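Structure first, commentary second.
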Amino acid sequence: MITEFTPYTGLLGGALIGLAAVILMAGAGRIAGCAGIFRHMLTLNFDGEFIWRALFVVGLVAGTALTKPFAANATVIALPTLSIAIIGGLLVGFGTALGHGCTSGHGICGISRFSVRSIVATLTFMVVAIITVFITHHVLGG
Amino acid sequence: MLMQRLSVLVSGLLFGAGLTISGMVNPAKVINFLDFAGKFDATLLFVFAAGVAVAMIGYYFTFKRPAPFFGERFHLPTVFAVDRRLLIGAAIFGIGWGLTGYCPGPAIASLAYLQPISFVFLVAMAVGALAANLVPEE
């Protein structure tokens with residue numbers, strides 16, 4: 001699927017994400033790292049630790065549902081095939097757990113705290129992802 | 001507690017709105033950013049730059065406080081070493097991200113599109129995350 005370069009809505013969306021991270025930290029003292037938030041919910045202990053994370057997730061889905069009509073190139077989304085979704089999901093779940101974070105946790109929050117760990121992690125997953133796309137799209141003729 | 005929970009909910013709403021308005025909730029837009037040699041779409045870079053700029057400034061002022069507005073303390077990472085786990089984990093995540101265009105946030109947010117494949121991805125993500133518990137600490 002070809003997507004249009006949309007810098008203005010990109011900046012706006014990014015600013016909202018940044019603002020979300022600030023509100024979560026200033027309000028509740030937490031890092032807005034989706035991988036960590038998801039992973040800690042897997043314990044299924046319905047305690048305070050679970051509840052705030054569940055609220056965040058509810059907000060995440062609701063925020064998406066409400067703004068779908070205004071989405072940049074995202075009123076219709078490209079979905080992975082079943083096998084790619086399974087393999088990709090396993091790798092994302094395993095990798096973000098081992099690496100303690102993802103694009104929001106390390107990429108946005110970690111870099112904004114000048115965390116060396118996060119800067120290194122972000123560079124690593126970015127480079128690897130770029131190589132992965134190059135191989136699947138241009139070498140393997142995916 | 002109520003104010004704390006309200007902040008969390010508002011944060012989630014803004015995060016979801018940000019992902020959607022920017023188009024990051026569409027895996028094609030993410031993959032096209034990573035596809036330098038192909039259908040390159042630089043939007044993700046702008047999303048990232050704005051996100052980091054706002055968060056950096058916001059965090060700067062937030063951390064001048066002794067504690068969050070509605071919580072006892074800031075819950076921040078206590079590990080500082082750049083170790084093998086971090087590097088290997090990030091690399092494995094990078095492969096999964098490159099294959100699908102999904103990272104955890106957009107994957108969860110995509111539930112709003114009511115597509116069964118989102119659920120498949122999330123279940124697989126959960127299995128992968130739990131499997132990581134089996135990897136011994138160094």
Side-chain angles (χ1 to χ4, degrees), chain A residues 1 3 7 10-11 13-18 20-24 26-29 34-35 38-39 52 55-56 59-61 63-65 67 71-74 77-80 85-86 88-99 102-104 108 112 120-121 124-125 128-130 132-133, chain B residues 4 7-9 11-18 20-23 25-29 32 34-35 39 41 43 46-47 50-51 54-56 58-59 62 68 70-71 74-75 82 86 89-100 103-105 109 111-112 117 120-121 124-125 128-129 132:
Chain A
M1 185 189 277
T3 58
L11 287 173
L16 288 172
I17 292 171
V22 174
I23 288 175
L24 191 63
C34 296
F38 176 80
R39 186 167 144 255
W52 80 259
L55 276 173
F56 183 84
L60 194 62
V61 179
T64 300
T67 51
N73 309 152
I77 59 177
L79 295 163
I86 293 172
L90 287 168
L91 293 172
V92 169
F94 188 79
T96 54
L98 209 63
C102 59
T103 50
S104 52
I108 304 267
S112 298
V120 171
T124 304
F125 63 67
V128 172
I130 287 168
T132 301
V133 170
Chain B
Q4 187 189 99
S7 318
V8 172
L9 186 64
S11 169
L13 285 165
L14 290 172
F15 202 110
T20 310
I21 288 170
S22 63
V25 78
N26 182 3
K29 225 160 151 58
N32 287 349
L34 300 166
D35 191 9
K39 311 196 238 349
D41 172 351
T43 307
F46 284 67
V47 181
V54 171
M56 208 173 260
Y59 274 6
T62 300
F70 312 116
F74 295 115
H75 296 258
V82 175
L86 183 80
I92 293 173
F93 164 48
I95 298 173
W97 191 38
L99 284 175
T100 59
C103 54
L111 288 172
I117 202 84
V120 171
F121 183 90
M125 201 167 84

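In what follows, chains are A, B, ... by sequence order, proteins preceding strands, each numbered from 1. Note that this is a predicted model, so its numbers are computed, not measured.
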Sorted by chain and number, sequence neighbours left out, ring-ring contact (aromatic ring centres under 6.0 Å, His included) with B:F15 holds for A:F56

From the list B:P104, B:G105, B:G96, the residue making the most non-hydrogen contacts under 4.5 Å with chain A is B:P104

Taking the side chain as every heavy atom from C-beta outward, state whether B:V8 and A:L24 have any atom pair closer than 4.5 Å. yes

Taken to the nearest 0.5 Å, the spacing of A:L90 CG from B:I95 CD1 works out to 12.5 Å

Please step through side-chain contact (heavy atoms from CB on, under 4.5 Å) for the pair B:F93 and A:T124, ending with a clear verdict. CA-CA 9 Å; B:F93 164 48; A:T124 304; over 6 Å; no

Minimal heavy-atom distance between B:A132 and A:A97, with the atoms involved, is CB-CB, 3.4 Å

One should read off an interatomic distance between A:I86 CD1 and B:M125 CE, to the nearest 0.5 angstrom, of 14.5 Å

When the 4.5 angstrom heavy-atom criterion is applied to A:V61 and chain B, the contacting part is both

Sequence neighbours excluded, the answer for side-chain hydrogen bond (donor to acceptor under 3.5 Å, both in side chains) partners of B:N32 is A:T3

Comparing A:V92, A:L79, A:L55, A:I130 against chain B, the one with the most heavy-atom pairs below 4.5 Å turns out to be A:V92

From the list B:L111, B:D35, B:N26, B:V47, the residue making the most non-hydrogen contacts under 4.5 Å with chain A is B:N26

CG (A:L91) and CG (B:L99) are apart, to the nearest 0.5 Å, by 6.5 Å

If one checks every heavy atom of B:S11 against chain A at 4.5 Å, the contacting part turns out to be both

Smallest heavy-atom separation, A:P80 atom then B:T100 atom, equals CB-CG2, 4.5 Å

On a heavy-atom basis, the closest approach of B:Y59 and A:S112 is CD2-CB, 3.9 Å

Among A:L60, A:V22, A:I17, the residue with the most heavy-atom pairs under 4.5 Å to chain B is A:L60

Most heavy-atom pairs under 4.5 Å with chain A, out of B:T20, B:L9, B:I92, belong to B:T20

In this structure, CG of A:L11 is separated from CD1 of B:I21 (nearest 0.5 Å) by 12.5 Å

The interface call for A:T132 against chain B, heavy-atom contacts under 4.5 Å, is side chain

Greatest number of non-hydrogen atom pairs under 4.5 angstrom with chain A, of B:A124, B:G98, B:C103, falls to B:A124

Nearest heavy-atom contact between B:A55 and A:I108 is CB-CG2, 4.1 Å

On a heavy-atom basis, the closest approach of A:A65 and B:A112 is N-CB, 3.7 Å

Chain B shares the most heavy-atom pairs under 4.5 Å, among A:A21, A:P7, A:G10, with A:G10

From the list B:V120, B:L14, B:T43, B:T62, the residue making the most non-hydrogen contacts under 4.5 Å with chain A is B:T43

What one should report as the nearest heavy-atom pair of B:P68 and A:G27 is CB-O, 3.8 Å

Max heavy-atom pairs within cutoff under 4.5 Å with chain A, candidates B:S7, B:G51, B:P27, goes to B:G51

Ranking A:L16, A:I23, A:L98 by heavy-atom pairs under 4.5 Å to chain B gives rank one to A:L98

